[in-house]
Visitor: 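One structure, as structure tokens, below. Some questions next.
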Protein chains: 2
Amino acid sequence: MSYDLILSNIGKYVVLTEMEVTFFTSKLELMEVKKKDFVLHQNERCKHIYFLNNGTLRAFHLSTEGKESTVMFAIADWWITDMHAFTNNASSIMNIMAVEDSQLLALSYVNLERIWSQLPKFEKFFRILLQKAYVREQLRSIQNLSLSAPERYDRFISKYPEIVKKVTKKQIASYLGVTPEFLCTIRAKNVDT
Amino acid sequence: MSYDLILSNIGKYVVLTEMEVTFFTSKLELMEVKKKDFVLHQNERCKHIYFLNNGTLRAFHLSTEGKESTVMFAIADWWITDMHAFTNNASSIMNIMAVEDSQLLALSYVNLERIWSQLPKFEKFFRILLQKAYVREQLRSIQNLSLSAPERYDRFISKYPEIVKKVTKKQIASYLGVTPEFLCTIRAKNVDT
DNA sequence: AATAAAAATTAATATACCTTAAGAATACTA
DNA sequence: TAGTATTCTTAAGGTATATTAATTTTTATT
């Protein structure tokens, strides 16, 4: 069933009653997207937060010069959205696109606010989710500042082996902040990978 | 009084009763630190989250090669901690040091858990706090990937003018991920700043 | 006020990473 | 299945930023 994964994801941090499960799942919309479909377009409103049942998504910022910067990848069991645009009803600074055919559960901000007000447990759950997201992003900043590109690549492949299987080298390069050509020379020197 | 600022900070997002204020403030410890005092040492446990009443703090990671990377600055009305170490009772990956004499309110994790369990409003407050921290950090990642050093410097001084007044150029350089020498040449070209 | 220490500046040289370009390998599409 | 587009790879040359070092300015200490 489509809700097993999301319920076990939430169940890691809070325990829900049957009624709470019913209320919560009634707010979810199941979505199927094809490879290369846009889940979110940059500069448009971001109405939903998405949970990945399966597949792979990529969030990327497109600069005025046409340069892509990958903000994050998401695979099964991950949540993804443009958090600023989502929580402030602002226009988004990133695109979210399917790397492969994917199945998502979408939750609108309007519904999330209803959930928060009726089920305070979800405030706790999202607090924990955001705590982990913040820690992850802060660690990324530290590593961007303190490590060379080859070191960042090594950490990436050992930290996210499942993502490495799904996305192109070019996309990894744009996450690490190097050109695909330079990532290639990095890999040529790493005899192993 | 020492609690005015923190209560107005919290009051922006949740409304507290008098009893809740009393309960919450009873968990805070007032601390005074002198310039260059360590509030947190890297590799040690991080027991507290800190709210700045006044002064300036800097969080920085020290690599094995001795290179400093500034993770964040905090001025009056900001919260600061090593979030990973704090929430997981893990050893910290950063130092937090006073840039100038500062007055802090410290809240231990043990007490924060008591507050969360007794006052669910504080789950909401921290959810919002973490949401903003995550968005800020994600934006920083995007800018590190997509902008040149001079552009990053321009954004920094226009986004954080109050911090610019308090910290050294060297510290700003280590936040931007450039050497102090290079920041200097950037500034020399910017006729204005 | 004098001295020491740290930060800021400037400049020469070095290097990590980028740009451009072209060919080879994979992956899509008709 | 061929044809086309995309990604990956390799290499030459270029640029942004680092390194080293020396000087000046600012800040801290006695």
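Every chain is numbered from 1, with letters handed out A, B, ... down the list of sequences. Side-chain atoms are counted along with the backbone in the values below, which use heavy atoms only and exclude waters and symmetry mates.
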Visitor: Taking CG from A:L145 and P from D:dA18, how many angstroms apart are they, rounded to a whole number?
Guide: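 Spelled out: CG on A:L145 to P on D:dA18 is 11 Å.
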Visitor: Can you check the B:E151 CD to D:dA16 C1' distance for me, whole Å?
Guide: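 It is 12 Å, rounded to the nearest whole Å.
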Visitor: Out of the candidates A:E137, A:Q131, A:Q138, A:R136, only one should pair with A:Y134 under the side chain to side chain donor-acceptor pair (under 3.5 Å) rule; please name it.
Guide: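 Passing option: A:Q138.
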Visitor: When you get a sec, tell me which of C:dA8, C:dC17, D:dT9 is the closest nucleotide to the side chain of A:R187?
Guide: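 Shortest atom-to-atom distance from the side chain points to D:dT9.
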Visitor: Check every atom of D:dC8, D:dT10, C:dC18 against the side chain of A:T179 and return the nucleotide holding the closest atom.
Guide: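 Among the listed nucleotides, the one closest to the side chain of A:T179 is C:dC18.
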Visitor: Centre-to-centre under 6.0 Å for A:F51 and A:W79, is that the case here?
Guide: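 Under 6.0 Å, so yes.
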Visitor: Identify, between B:L147 and A:C184, the residue whose nearest nucleotide on DNA chain D lies closer to the 5' end.
Guide: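 It is A:C184 whose nearest nucleotide is closer to the 5' end.
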Visitor: Of A:K35 and A:K67, whose nearest nucleotide on DNA chain C comes first from the 5' end?
Guide: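 It is A:K67 whose nearest nucleotide is closer to the 5' end.
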Visitor: Of all the nucleotides listed (D:dT10, C:dA8, D:dA18), which has the minimum atom distance to the side chain of B:V178?
Guide: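 The nucleotide sitting nearest to the side chain is D:dA18.
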Visitor: Tell me the interatomic distance from A:Q171, atom CD, to D:dT6, atom C1', rounded to whole angstroms.
Guide: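 Value for this atom pair: 11 Å.
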Visitor: When we call it a touch if two heavy atoms are under 4.0 Å apart, what does A:K36 touch: a base, just sugar-phosphate, or nothing?
Guide: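 Nothing, no nucleic acid heavy atom in range.
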Visitor: With a cut-off of under 6.0 Å to the ring centre and 45° to the axis, is A:K27 in cation-pi contact with A:F23?
Guide: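 Flagged: A:K27 positioned over aromatic ring of A:F23.
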Visitor: For the side chain of A:T168, starting at C-beta, report the closest nucleotide among D:dT7, C:dC17, D:dT9.
Guide: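 Selected nucleotide (nearest to the side chain): D:dT7.
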Visitor: Which of the following nucleotides, C:dA21, D:dT17, C:dT10, is nearest to the side chain of A:E181?
Guide: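 Side chain of A:E181 sits closest to C:dA21.
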Visitor: If two hydrophobic side chains count as joined below 4.5 Å and joins carry through other members, does B:I128 share a cluster with A:F126?
Guide: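 Hydrophobic grouping puts B:I128 with A:F126.
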Visitor: Given D:dT17, C:dT19, C:dC17, which nucleotide is nearest the side-chain atoms of B:S148?
Guide: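 Selected nucleotide (nearest to the side chain): D:dT17.
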